[in-house]
Amino acid sequence: MRPLSSSQDLPHASRPPRYPLAIIGAGALGLHFAARLAATIPVAVVARSAIRAGQLHAGVMVGDALFQADAHAPGALPEADWVIVLVKAGDTADAGRLAAAMRPLGVLSLQNGLTGAVLRDAVHAARPDEDGPPPRVEQGITTEGAFRDGDRVTPSGAGDTLLPPGFEAVAELLSRAGFRTRIEPDIAAARLAKLLVNLAINPLAALFRVPNGALCDPPYRVHLDALVREAWPVLHAKGLPLDEDGAHARVVAVARATGANRASMLQDVLAGRRTEIDAITGVFLDMAARHGAEAPTHHAVFTLVKQIEAG
Ligand SMILES: NC(=O)c1ccc[n+]([C@@H]2O[C@H](COP(=O)([O-])OP(=O)(O)OC[C@H]3O[C@@H](n4cnc5c(N)ncnc54)[C@H](OP(=O)(O)O)[C@@H]3O)[C@@H](O)[C@H]2O)c1
């Protein structure tokens, strides 16, 4: 399981190298992570197609620098010790199948929404028969930010990246590349806190087409408060470490701190793309149903965002 050091180290020229790290999803966040990591270790970037891999190999602007990615197409994947998944939530199962083919020790999602179960099922179902123990598959969280403008990726703010226990090697690689990273022993609680914020801000920003900060004031605030009020008992029962006032305060603080930002769901709606509503509100509605809780405002925003997607 030796990290790739140079092409001369390969036992055979036609054999694909084994990378210390691969990133599936050459979008805004994937390229932001890959470009910084590639300054310290070899990073395989998995693109959606051979054409896209060729473009990434030729170079893409990430921030102010040209990044010539070590890009691979789904049909010609190298092996990798660790795989980070940064596709949109709706593409998680596809990414899981690709990750399994890279025979990793572990697969880490840093996506929004709760995608861990879909990713785990896809990775384990697609594992090559002769493989030993199954790879660890877990979801961390990140508040790093980046956006795509045409073919250019612009980092939009440093954040914190929290990884589950078992991913210490990945934390080390990310830290060395300059990302603020730590292992979070209660990663499930951290995921719920991020889900709470996404549940409240994303659908409303998308439906009303306003930047995050506007949601803290009338006429939107009443809806933001309703979403938090309905979400809190369910998430608290699942382990969210905030009381109800704390939950409201957390959501408002994030909306204000990112006041000028357009939430990713708003960007998706404006671009006519599929949103991540299934992995955010959809997953929450399933949780609420199992908990026996009413969540009418979440039902309403879910239906409306789905109607926009369909239209
Ligand atoms: N951007 C941020 O600031 C930010 C912050 C925190 C969390 N996140 C989360 O991170 C995830 C990625 O977000 P993003 O903004 O980077 O999205 P994005 O720019 O849309 O990038 C996703 C990339 O995945 C690629 N892809 C989709 N299916 C694939 C497949 N089967 N194989 C290989 N590549 C595939 C897409 O290819 P195409 O271009 O061909 O579609 C696209 O390049 C999302 O869950 C998001 O919520 C983003």
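Note that ligands are numbered from 1 as they come in the structure, with each ligand's atoms numbered from 1 the same way. Predicted model, so just to flag it, every value in this text is computed and none were measured.
Looking at ligand 1, you'll find an N or O of Ala26 within less than 3.5 Å of one of its N or O atoms. In terms of polar-atom proximity, Leu29 is counted as a contact of ligand 1, with an N or O under 3.5 Å from an N or O of the ligand. Looking at Gln111 next to ligand 1, no N or O pair under 3.5 Å apart turns up. Looking at Gly145 next to ligand 1, no N or O pair under 3.5 Å apart turns up. Not a single N or O atom of Ser156, backbone or side chain, sits closer than 3.5 Å to an N or O atom of ligand 1. By the 3.5 Å distance cut-off applied to N or O atoms, Arg48 is counted among the residues near ligand 1. Below 3.5 Å of separation, one finds an N or O of Arg148 facing an N or O of ligand 1.
Applying the side-chain hydrogen bond (donor to acceptor under 3.5 Å, both in side chains) definition to pairs two or more places apart or across chains, those involving residues 153-170 are Thr142-Thr161, Asp160-Arg180. Sorted by first and then second residue, the ring pair (Phe, Tyr, Trp, His ring centres under 6.0 Å) pairs with a member in residues 292-311 read Phe284-His298; sequence neighbours excluded.
Residue-level proximity to ligand 1 for Leu98 is carried by the side chain, the only part with a heavy atom below 4.0 angstrom. Residue contacts with ligand 1, taken as heavy atom pairs separated by less than 4.0 Å, involve Glu276 solely via side-chain atoms from C-beta onward. At a heavy-atom distance under 4.0 Å, only backbone atoms of Ala47 (N, CA, C or O) approach ligand 1.
Atom 23 (C) of ligand 1 has as its closest protein heavy atom Gly27 N, 3.6 Å. Atom 31 (N) of ligand 1 has as its closest protein heavy atom Asp94 CB, 3.6 Å. Scanning the protein for heavy atoms near atom 19 (O) of ligand 1, the closest one is Ala28 N, 2.9 Å. The nearest protein atom to atom 7 (C) of ligand 1, hydrogens excluded, is given as Asn112 ND2, 3.5 Å; this is a heavy-atom distance. Nearest protein heavy-atom neighbour of atom 22 (C) of ligand 1: Leu86 O, 3.6 Å. For atom 1 (N) of ligand 1, the nearest non-hydrogen atom of the protein is Ala146 O, 2.9 Å. When only non-hydrogen protein atoms are considered, atom 29 (C) of ligand 1 lies nearest to Val87 CG1, 3.7 Å. At the top of the distance list for atom 17 (O) of ligand 1, counting protein heavy atoms only, stands Lys88 CE, 3.4 Å.
Below 4.0 Å from some heavy atom of Glu144 lie the following atoms of ligand 1, by number and element: 3 (O), 5 (C), 6 (C).
Once rounded to the nearest 0.5 Å, the distance linking CG of Leu195 with CG of Leu240 reads 9.0 Å. Within the model, atoms CD1 of Ile308 and CG of Leu207 stand 5.0 Å from one another, a figure rounded to the nearest 0.5 Å.
Taking 4.0 Å as the cut-off between side-chain N and carboxylate O, Lys88 and Asp94 do not count as a salt-bridged pair. Comment: Asp225 engages Arg221 in a salt bridge, judged by a side-chain N to carboxylate O separation of less than 4.0 angstrom. Look at Arg103 and Asp81 and you find no salt bridge, because none of the NZ, NE, NH1 or NH2 atoms lies under 4.0 Å from a carboxylate O.
Heavy-atom separations between His32 and ligand 1 are all 4.0 Å or longer.
The two atoms that bring His124 and Pro134 nearest to each other are NE2-CB, 3.7 Å, heavy atoms only.
A side chain to side chain contact (heavy atoms under 4.5 Å, CB included) with Ser109 is found for exactly one of Val83, Leu119, Val137, namely Leu119.
Using a 30° and 60° split on the angle between ring planes, His72 and Tyr19 fall in the perpendicular class, above 60°.
Counting only distance, with no hydrogens or angles, the side chain of Glu184 and the backbone of Ala189 share no donor-acceptor pair below 3.5 Å.
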Criterion ring-ring contact (aromatic ring centres under 6.0 Å, His included) on Phe67 and His57, from CA distance to verdict: CA-CA 8 Å; Phe67 172 47; His57 201 77; over 10 Å; no

